[in-house]
Number of protein chains: 2
Amino acid sequence: MSKQELPVVDLNPVACCSPIAVRPMDADQAAVVAPLFKALGDPVRLRLMSMIASVPEICVCDLTPAFDLSGPTISHHLKLLREAGLVDSERRGTWVWYRARPEAFRQLGALLDISGTPAGA
Amino acid sequence: MSKQELPVVDLNPVACCSPIAVRPMDADQAAVVAPLFKALGDPVRLRLMSMIASVPEICVCDLTPAFDLSGPTISHHLKLLREAGLVDSERRGTWVWYRARPEAFRQLGALLDISGTPAGA
DNA sequence: CTCTTGTTTCGACATACGTCTAGCTTGACA
DNA sequence: TGTCAAGCTAGACGTATGTCGAAACAAGAG
């Protein structure tokens, strides 16, 4: 191997990790963060996420008809987004309402920040 | 359904899409972007990506020993990152060197920007 | 040319994932 | 209480994914 040295930088104390272009992620951090990206890695979930995040809150009854998919399938995807911590849900009467969790987005956005890094140059 | 109106906003002409919290993504946009998130949705690939992005370039021979995985498996993950457009590779003599593609990161980061959106409030 | 080392491709396998239908739970309302 | 609608859970099924070992390919050294 080339014996190249990888940079070693302290963790950002606020969020989970430094931007991925600042220092190499260790296995534990990757295991925490990868599921968040994975949750957004399906076109249906990405659209759901986008529909939810573009309004203060939205009813499942407004999400389902936007897709050519069965109700249970949409419900399944929403569950994955919930388990990833990207959205919150709340039942109010007959309907269930979903809201985005901004912290998760801020964390993911921060991870992708490449300004002032080797990759950003 | 609740007849709630989803916002309709012009596309950002520079990148592929507006931030996902600005307007709901349509199916075509989601089909383009989701594979990028999917590529980062595996812990091994996320670590690889991070190792690659934290230096100007890096040799496969420095990536492989960081994992408890066979060479072919690492090669497979690198191929997926390449096909997603997140990294570039170049053979120089015996070794193959990988570099991050900053444009892809900037685009993903922009998508996750929630400042000034309903979710960011 | 042949040997060695580094990397990718191929083929196989177990597991995870996306989707469906059927059935259940919750709440509203007559 | 009975009934209906919204949404979730359970189970099944086909496909995609992560992993491996073996083999092929690439480049340099002897």
Side-chain angles (χ1 to χ4, degrees), chain A residues 1-4 25 27 30-31 33-52 57-84 86-99, chain B residues 1-4 25 27 30-31 33-52 57-84 86-99:
Chain A
M1 80 170 70
S2 71
K3 301 295 178 214
Q4 180 176 21
M25 238 175 201
V33 176
L36 295 189
F37 286 114
K38 188 174 191 175
L40 296 178
D42 177 273
V44 172
R45 286 195 293 273
L46 193 53
R47 283 183 68 196
L48 284 169
M49 193 64 249
S50 176
M51 293 173 75
I52 296 169
E57 60 179 5
I58 188 167
C59 169
V60 174
C61 62
D62 283 325
L63 294 171
T64 305
F67 299 84
D68 249 355
L69 293 170
S70 68
T73 296
I74 297 300
S75 187
H76 165 71
H77 286 302
L78 288 172
K79 180 182 182 181
L80 293 186
L81 290 175
R82 233 184 305 125
E83 289 175 347
L86 291 167
V87 302
D88 267 334
S89 67
E90 181 193 352
R91 169 160 228 140
R92 287 210 294 277
T94 304
W95 295 338
V96 177
W97 295 82
Y98 277 78
R99 252 184 319 284
Chain B
M1 78 172 71
S2 71
K3 301 293 177 214
Q4 178 177 19
M25 236 173 203
V33 176
L36 295 189
F37 285 115
K38 188 175 191 176
L40 295 177
D42 177 273
V44 173
R45 287 195 293 274
L46 192 53
R47 283 182 69 198
L48 284 169
M49 192 65 249
S50 176
M51 293 173 76
I52 295 168
E57 59 179 7
I58 189 167
C59 168
V60 175
C61 62
D62 283 325
L63 294 170
T64 305
F67 300 83
D68 249 355
L69 293 170
S70 68
T73 297
I74 298 299
S75 185
H76 164 72
H77 286 303
L78 288 172
K79 181 182 182 182
L80 293 185
L81 289 174
R82 234 184 306 129
E83 290 175 347
L86 290 167
V87 301
D88 267 334
S89 67
E90 180 192 355
R91 171 158 228 141
R92 287 209 294 279
T94 304
W95 295 339
V96 176
W97 295 82
Y98 278 78
R99 251 184 319 284

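Order of the sequence lines fixes the chain letters, A, B, ..., with proteins taken first and strands second; residue numbering starts at 1 for each chain.
- Straight-line distance from the CG atom of A/L78 to the C1' atom of D/dG7: 10 Å, rounded to whole Å.
- Proximity of B/K38 to the phosphate of C/dC17: no side-chain N or O atom is located under 4.0 Å from OP1 or OP2.
- A/W97 has its CH2 atom 14 Å from the P atom of D/dC8, to the nearest Å.
- Summarising the geometry of A/A39 relative to A/L81, their closest heavy-atom pair is O-CD2, 4.0 Å, with the distance given to 0.1 Å.
- Across D/dA6, C/dT19, C/dT7, the shortest atom-to-atom separation from the side chain of A/L69 is found for C/dT19.
- Between A/Y98 and the phosphate of D/dG7, there is no side-chain N or O to OP1/OP2 separation shorter than 4.0 Å.
- Between the CZ atom in B/R45 and the NZ atom in B/K79 there is a gap of 12.5 Å [rounded to 0.5 Å].
- For the pair A/T94 and C/dA28, the criterion of a side-chain N or O lying under 4.0 Å from OP1 or OP2 is not met.
- Between A/K79 atom NZ and C/dG18 atom P the separation is 13 Å, expressed in whole Å.
- Separating the NE2 atom of B/H77 from the P atom of C/dT7 is a distance of 16 Å, rounded to the nearest angstrom.
- The side chain of A/T73 places an N or O atom within less than 4.0 Å of a non-bridging phosphate oxygen (OP1 or OP2) of C/dC20.
- Taking only side-chain atoms of A/C61, from C-beta outward, the nucleotide of D/dA6, D/dT19, C/dT7 with the closest atom is D/dA6.
- Using a 4.5 Å cut-off on side-chain heavy atoms (C-beta onward), A/F67 and A/M51 make contact.
- In this structure, B/R92 atom CZ and D/dG28 atom P are separated by 12 Å, rounded to whole Å.
- In this structure, B/R91 does not reach the C/dG6 phosphate: none of its side-chain N or O atoms is under 4.0 Å from OP1 or OP2.
- What separates CD of B/E83 from C1' of D/dA16 is a distance of 14 Å, to the nearest Å.
- Listed candidates were D/dA6, D/dT9, D/dG18. Nearest to the side chain of A/P72 is D/dT9.
- Computed from coordinates, the B/F67 CZ to D/dC20 C1' distance equals 17 Å when rounded to whole Å.
- Side-chain proximity of A/D42 to D/dC8, C/dG18, D/dG7: nearest is C/dG18.
- The CZ-P distance, from A/R82 to D/dG7, rounds to 12 Å in whole Å.
- Summarising the geometry of B/A34 relative to A/P43, their closest heavy-atom pair is CB-N, 3.5 Å, with the distance given to 0.1 Å.
- Listed nucleotides: C/dT19, D/dG7, D/dA27. Nearest to the side chain of A/H76: C/dT19.
- Taking every heavy atom of both residues into account, B/S89 and B/R82 meet most closely at OG-CD, 3.3 Å.
- In the set C/dT9, C/dT21, D/dG18, D/dG18 carries the atom at the smallest distance from any side-chain atom of B/L80.
- With A/L48 as the fixed residue, the side-chain contact (heavy atoms from CB on, under 4.5 Å) test singles out one of A/I58, A/D42, A/L40, A/L63: A/L63.
- Residue B/S70 places its side chain closer to D/dC20 than to any other of D/dC20, C/dT19, D/dG18.
- Among the protein residues, A/G71 comes within range of no part of the nucleic acid, since none of its heavy atoms lies under 4.0 Å from any strand.
- Nearest to the side-chain atoms of B/R45 among the listed nucleotides D/dT19, D/dG18, D/dG7 stands D/dG18.
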